[in-house]
2 protein chains.
Amino acid sequence: MRILRQHLSENGLKLTRQRLSIAEQFLDCEGHLSAEELYHQLSDGSQRVGLATVYRTLKMLVDAGLAQVRHFPDGTARYENVYGEPAHDHLICVECGRIIEVENPLLQELYQRSFDLYGFVASGHRLVITGVCGPCQNSR
Amino acid sequence: MRILRQHLSENGLKLTRQRLSIAEQFLDCEGHLSAEELYHQLSDGSQRVGLATVYRTLKMLVDAGLAQVRHFPDGTARYENVYGEPAHDHLICVECGRIIEVENPLLQELYQRSFDLYGFVASGHRLVITGVCGPCQNSR
DNA sequence: ATCACTGCAAAGTCTTTGCAACGAC
DNA sequence: GTCGTTGCAAAGACTTTGCAGTGAT
């Protein structure tokens with residue numbers, strides 16, 4: 001929230017009712033929200049916002065460094081709250097669609113080390129592992 | 001090619017001129033092709049095919065295990081020739097858009113080991129690292 | 001009062017689908 | 001001859017944009 005206000009004032013942007021609603025709802029949620037999902041969550045309340053505004057605000061949250069986009073295999077962009085969250089990877093079960101988040105600091109470190117070879121300086125990564133999750137293994 | 005024929009006959013599918021053109025062109029190419037790009041490459045030749053057919057055939061190549069889809073940050077699906085290719089990861093430069101492929105068997109192994117903990121059996125993975133590539137570092 | 005923001009609807013992408021003609025087996 | 005395939009154009013999903021009115025500073 002602090003970061004958001006700072007980003008706004010630094011860029012001559014305004015803190016509107018809509019941006020506040022969207023940011024609050026978004027930052028409250030763990031996990032991966034699509035613009036559409038966020039839009040529906042907000043339409044329940046009295047503070048309705050347009051879908052276009054949700055898209056615009058999410059993009060702004062990315063600029064502010066509070067969110068990250070990720071394009072999932074279903075073709076939709078999903079946004080993830082990134083503030084204070086440790087880096088993590090995703091396991092996606094091809095049977096049930098479940099998304100599991102994994103933290104593995106060791107991997108993070110290896111990434112950077114191996115990519116140094118290419119003179120490449122990493123600023124972020126997205127790792128998606130597809131496979132079959134435990135529960136689905138068992139129910140086979 | 002062999003695999004393709006086998007996949008076709010196993011599933012009662014037919015080997016058409018179009019499928020042949022698309023598969024040849026696709027398997028010849030290294031890297032990441034979008035349906036649109038493949039379509040344009042093919043439209044140069046005498047063997048024109050419809051864009052819809054390119055989409056349908058690429059999907060079929062995925063089923064046959066010859067291709068992999070990947071959704072890139074630009075929102076398009078890109079297909080990658082996967083036959084006999086070692087597993088590899090991608091570095092994407094946020095400045096110039098360049099895509100660098102990296103092989104790192106050590107990482108591959110670590111993946112599986114760490115995800116075993118979750119009872120998760122991986123069948124594939126997509127790792128995308130974003131950052132700034134060597135040339136772009138230098139030109140700063 | 002200014003200038004950014006919003007909502008809506010229209011436009012834009014990328015991809016899929018319906019359908020009649022076509023072609024591989 | 002059968003039944004999968006093709007090409008086209010229309011439809012669909014997701015996202016962006018134009019614009020006139022609205023609102024934060």
Side-chain angles (χ1 to χ4, degrees), chain A residues 1 4-26 32-43 45-64 67-79 97, chain B residues 1 4-26 32-43 45-64 67-80:
Chain A
M1 240 30 252
L4 175 60
R5 284 173 195 278
Q6 186 178 337
H7 176 79
L8 292 173
S9 64
E10 274 176 3
N11 294 83
L13 305 174
K14 292 171 182 174
L15 180 58
T16 61
R17 177 183 67 69
Q18 289 89 337
R19 282 179 176 166
L20 205 61
S21 302
I22 296 170
E24 277 177 352
Q25 180 74 30
F26 175 74
H32 320 79
L33 283 172
S34 66
E36 198 89 22
E37 282 164 1
L38 199 45
Y39 172 69
H40 278 112
Q41 290 183 12
L42 289 167
S43 62
S46 53
Q47 302 288 58
R48 309 192 74 266
V49 292
L51 179 56
T53 302
V54 175
Y55 276 104
R56 287 187 278 230
T57 303
L58 282 172
K59 194 163 278 186
M60 191 210 64
L61 288 172
V62 172
D63 289 343
Q68 246 184 15
V69 218
R70 207 176 284 269
H71 291 261
F72 279 89
D74 67 351
T76 71
R78 291 173 171 280
Y79 293 78
Chain B
M1 240 28 253
L4 175 58
R5 284 172 196 278
Q6 185 178 338
H7 176 78
L8 292 173
S9 64
E10 276 176 1
N11 294 82
L13 306 174
K14 292 170 182 174
L15 180 58
T16 61
R17 177 181 68 68
Q18 289 88 339
R19 283 178 177 166
L20 205 61
S21 301
I22 295 170
E24 278 177 351
Q25 180 75 30
F26 175 75
H32 319 78
L33 284 172
S34 67
E36 198 90 23
E37 283 164 1
L38 199 44
Y39 171 69
H40 278 113
Q41 290 183 12
L42 289 166
S43 62
S46 53
Q47 301 289 58
R48 309 191 75 267
V49 291
L51 179 56
T53 302
V54 174
Y55 275 104
R56 287 187 278 230
T57 303
L58 282 172
K59 195 164 275 185
M60 192 209 66
L61 288 172
V62 173
D63 289 343
Q68 245 184 17
V69 219
R70 206 176 286 269
H71 291 261
F72 279 90
D74 67 352
T76 70
R78 291 173 172 281
Y79 293 79
E80 191 164 6

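Chain letters run A, B, ... following the sequence lines, proteins first, then strands; residues in each count from 1. Predicted, not measured: the structure shown is a model, and the values here were computed from it.
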Determine, stepwise, if the pair B/Phe26 / B/Leu38 fulfils side-chain contact (heavy atoms from CB on, under 4.5 Å).
CA-CA 7 Å; B/Phe26 175 75; B/Leu38 199 44; 4.2 Å; yes
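- Here the side chain of B/Arg56 is nearest to one of C/dT17, C/dT6, D/dT15, namely C/dT17.
- By the 4.5 Å heavy-atom criterion applied to side chains, A/Leu8 and A/Arg19 are counted as neighbours.
- Looking only at atom types and distance, the side chain of B/Gln68 has no donor-acceptor partner in the side chain of B/Glu80 under 3.5 Å away.
- B/Glu37 is not listed as a side-chain neighbour of B/His32, based on a closest heavy-atom distance of 4.5 Å or more.
- Distance CG (B/Leu20) to C1' (C/dA24): 13 Å, rounded to an integer number of Å.
- One finds no side-chain N or O of A/Tyr55 lying less than 4.0 angstrom from the OP1 or OP2 phosphate oxygen of D/dT16.
- If you take NE2 of B/His71 and P of D/dT15, they are 12 Å apart, rounded to a whole angstrom.
- Residue A/Gln18 places at least one side-chain N or O closer than 4.0 Å to OP1 or OP2 of C/dG7.
- A residue-by-residue look at B/Gly12 and B/Val54 shows that B/Gly12 has its nearest nucleotide of DNA chain D further toward the 5' end.
- Counting heavy atoms from C-beta outward, B/Arg48 and B/Leu42 have side chains that stay 4.5 Å or more apart.
- Between the side chain of B/Arg48 and the base of D/dG7, no donor-acceptor pair under 3.5 Å is found.
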Please encode protein proximity along nucleotides 20-25 of chain D as a string of B, S and -, counting only heavy-atom distances under 4.0 Å.
---BBS
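- Residue A/Leu42 contributes atom CG, which lies 15 Å from atom C1' of C/dG7 at whole-angstrom precision.
- Nearest heavy-atom pair across B/Tyr39 and B/Leu51 is CE1-N, 3.5 Å.
- B/Lys59 has a side-chain polar atom (N or O) that falls below the 4.0 Å cut-off from OP1 or OP2 of C/dT16.
- Atom CG of B/Leu58 and atom C1' of C/dC14 are 13 Å apart (whole Å).
- Counting only heavy atoms from C-beta on, B/Thr53 has its side chain closest to D/dG7 among D/dT15, C/dT6, D/dG7.
- With rounding to whole Å, A/Glu36 atom CD is found 13 Å from D/dT16 atom P.
- When rounded to the nearest whole Å, the span between CG of B/Asp63 and C1' of D/dT5 equals 16 Å.
- Of all the heavy atoms in B/Arg78 and B/Ser34, the pair that sits closest is NH1-N, 3.7 Å.
- Distance CD (B/Glu37) to P (C/dC14): 10 Å, rounded to an integer number of Å.
- Taking atom CD1 on B/Ile22 and atom C1' on D/dT6, their separation rounds to 10 Å, with Å as the unit.
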